[in-house]
There are 4 protein chains.
Amino acid sequence: MTRPGRPRSAASHRAILDATIHLLSEVGYPALSIEAVAARAGVGKGTVYRWWSSKAELVVEAVHDAALGMVAEPDTGSLRGDTRELVAGLVALACSPLGRVLEALSAEADRNPQLRETFDSVVLARRQEVATHLLDRARRRGEARSDLDVALVCDLAVATVFHRARMDPGALDGGFVDHLTDLLVAGVSGDPAQHPDRLARSVG
Amino acid sequence: MTRPGRPRSAASHRAILDATIHLLSEVGYPALSIEAVAARAGVGKGTVYRWWSSKAELVVEAVHDAALGMVAEPDTGSLRGDTRELVAGLVALACSPLGRVLEALSAEADRNPQLRETFDSVVLARRQEVATHLLDRARRRGEARSDLDVALVCDLAVATVFHRARMDPGALDGGFVDHLTDLLVAGVSGDPAQHPDRLARSVG
Amino acid sequence: MTRPGRPRSAASHRAILDATIHLLSEVGYPALSIEAVAARAGVGKGTVYRWWSSKAELVVEAVHDAALGMVAEPDTGSLRGDTRELVAGLVALACSPLGRVLEALSAEADRNPQLRETFDSVVLARRQEVATHLLDRARRRGEARSDLDVALVCDLAVATVFHRARMDPGALDGGFVDHLTDLLVAGVSGDPAQHPDRLARSVG
Amino acid sequence: MTRPGRPRSAASHRAILDATIHLLSEVGYPALSIEAVAARAGVGKGTVYRWWSSKAELVVEAVHDAALGMVAEPDTGSLRGDTRELVAGLVALACSPLGRVLEALSAEADRNPQLRETFDSVVLARRQEVATHLLDRARRRGEARSDLDVALVCDLAVATVFHRARMDPGALDGGFVDHLTDLLVAGVSGDPAQHPDRLARSVG
DNA sequence: TCTTAAACGAGACGGTACGTCTTGTCTTTAG
DNA sequence: CTAAAGACAAGACGTACCGTCTCGTTTAAGA
């Protein structure tokens, strides 16, 4: 027993999500208009409004849809190798068409919790998971400190890559990946005992 | 010998810049409208358009005007102390009203080079200078590696602070400052010899 | 031997025609929507469109359906009596629910020949027939001129009644019927010889 | 001391009224859209809405504006001559572009009192005035009955002309004018004493 | 003082996009 | 094969601003 009436058109649904992603990457979030999405998708405005009640809702679904399965789990055997791959993956993402969309999203994140959550789940969450495993392995090999804030390390990497992508996209080359990897590995493996305050604390 | 006619009204000028900063911090860059600036400043729209030909130009001047002399040079005697103060200063900036404006600016930076340059000169340039001195002193004390990319370290700090301010403003507390300082200090002082490539290079 | 498949629903057919008439009398022709007809008839939109290809076609059938046998043939023995009854019948029609529908129809007649024809056949044709007989009898009694344009006299009566119904429905009372009858009878029985041109013609 | 701000643009005002009249004559009242008026006038929608709050209001002004000084006062010396000129004037009006507009207006009159009033004041009022003078003169010459309802006579003429214009525009020729004049003159000059009822009444 | 001319406030202008509504058509499942 | 349901493309609705423009008024320097 199904609902009567004409079912939702899969073609329209797809066309709208695609148009949204393309327009987002071209004009950014604030300049994205539902009218333009409908026109680009070859669809009536009503069809968009029927299924998504706001621009944010539409963007959220479009981004989730576009970002399915985009993080691989690196396991090269060394902290440096794994980190480099994670950073390289981030750079690849930031440089992809979806990257421009995500930049726009993060830019809007402080004004719309829905978008913040989307950026978080698409860019950060999976990477934190991956990074957690990565650091566990590293710790077992004695390559990493045990008092790390994984979320902070992830934010460090993500923020820096997206910041650079925004401020100087040309600089996102292999050298950048190397240097950032260096800093992260050093930070992650650095002996906290070097620090007098922490030394004092751990002694006391 | 001055131009004939009524001179520019200093009061209007000030009122417009102030209104711009306030509105920027309230609604962000994309939603900032000249109409609203004019209304808030108690000024005709034409007066704004007479002196600034675009929203970007207006924002650039307003931000520069608001950001005069906001970075102190820390010198605590230790890398960790100096770093902590730098980070704390960044957090303070990001949490200030101007901080919200700058966030918005950095968000828009990938669409407008003029804004990128402004963010760069107001937030990054002076801090890179400060960080350079800070690291020089640290190196002289043997606390820092000698092969550091200062710009990258600065970007790391700035990007992370502003990223957190965007994604989770509540988390910008003392603990955050500590952890970020830890990571930066570890990264900056970390032994590059741990890296096989660099090891090979230093050996060869 | 019947056609295969589900037969046309007589109930739907009736409900649609009735809904059409009621809505026509309420909102008029231009504001009549197939959607509203379907809703009022408790029927799917498609069912209406299946059987009538346009609003005009639907209205034409509905009006013909509603107007079956509505003109009686007066024969009171005098021109005045017959005329009064004809006019009274027109006023009754114009005041009836169907009258409002016909007004709307005549209003739209200049944009749609199909509607013109319907108005003509429902309102005018039968009345011209009646009026022809009426005037024949009058002429035989010496009450009417012999050079009358029957169609014009009919139009005069119909147009005036419907015009008044539109412009001032409250004025369609017995006095109005009297006065209009007066004018028509006078016009119909008036001596054409008063007219110099016609005088000249009849002399020559 | 005048109002501050830019004054209303006379050109836009004119263009909007003209566009309204032209579109009315092309598509009729119900199909007239403010959007189309604005486009045709080369004007923003907002400018139309700023000065007229509804379609009806706009149409009312446009029609009044277009109808300034369109009724001449005939005085040929005879009832027939004056009547013929009045009828001919009506036919000319109904055949003019404004005529199509007025037809549309009268069609809508039963749904909108504002439009009724406009049709009345533009088409009827001035003609009733003229007809009153015309009949006064005729009565002084003994050409007309003294118990006439001038408004009814006017309605008769106006309704018939507009009815014909709607139902059969091609028939609005000189012959039509002649026949209608005949009937009107006969009706107006017909001896009411011929009528037994009235005779009885006047006797009693 | 009087003249001059730019700067000013106000706000109308031509536009564009909004989100809502209704149109007639199309496409499904149920009967 | 019809009926009902309802999704669809299209486009007008009236609103809200956009950035430009055109007014009458204000204001200070130069004559």
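Values in this document were obtained by computation on a predicted structure and should not be read as measured data.
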Counting only side-chain N and O atoms of Trp51(A), is one of them less than 4.0 Å from OP1 or OP2 of dC8(F)? yes
Would you mind reading off the distance between Glu35(B) atom CD and dG9(E) atom C1', rounded to a whole angstrom? 14 Å
Please tell me if Thr47(C) has a side-chain N or O lying less than 4.0 Å from either OP1 or OP2 of dA4(F). yes
Atom pair distance, as rounded to whole Å: CH2 in Trp52(C) and P in dT2(F): 14 Å
Checking dG24(E), dC17(F), dG14(E) against the side chain of Tyr49(C) (C-beta onward), the nearest is dG24(E)
Nearest-Å distance for atom pair CD1/C1', residues Ile16(B) and dC8(E): 10 Å
To the nearest angstrom, the OH-P distance between Tyr29(C) and dT23(E) comes to 14 Å
Is any side-chain nitrogen or oxygen of Ser33(C) closer than 4.0 Å to OP1 or OP2 of dT23(E)? yes
Using a strict 4.0 Å threshold on nitrogen-to-oxygen distance, state whether Asp65(A) and Arg14(A) make a salt bridge. yes
Rounded at 0.5 Å granularity, tell me how far CE in Met167(A) sits from CZ in Phe119(B). 5.5 Å
If I take atom CZ in residue Arg8(D) and atom C1' in nucleotide dC21(F), what distance separates them, rounded to the nearest angstrom? 17 Å
Of Pro4(D) and Gly44(A), the one whose nearest nucleotide on DNA chain F sits closer to the 5' end is Gly44(A)
Is it the case that dA12(E) (base atoms only) and Arg6(D) (side chain only) share a donor and an acceptor within less than 3.5 Å, ignoring hydrogens and angles? yes
Want to settle it: does Ser53(B) or Gly46(D) sit nearer the 5' end of DNA chain F, counting the closest nucleotide to each? Gly46(D)
Is it true that Arg40(C) and Glu26(C) have a side-chain N and a carboxylate O under 4.0 angstrom from each other? yes
If the threshold is 4.0 Å, N to carboxylate O, is there a salt bridge linking Glu103(A) and Arg100(A)? no
Provide, to the nearest angstrom, the distance between the CZ atom belonging to Arg14(C) and the C1' atom belonging to dA3(F). 19 Å
Does Ser12(D) make a side-chain N or O approach to OP1 or OP2 of dG14(E) shorter than 4.0 Å? yes
What is the separation between atom CG on Leu23(C) and atom C1' on dT22(E), rounded to the nearest whole Å? 15 Å
DNA chain E: Arg50(B) or Leu32(A), which has the more 5' nearest nucleotide? Arg50(B)
Heavy-atom donor-acceptor pair, Lys45(C) side-chain to dG6(F) base, under 3.5 Å: no
For the CG atom of Leu98(C) and the CG atom of Leu24(C), what is their distance to the nearest 0.5 Å? 9.5 Å
Contact nearer the 5' end of DNA chain E, comparing Ala41(B) with Ile34(A): Ala41(B)
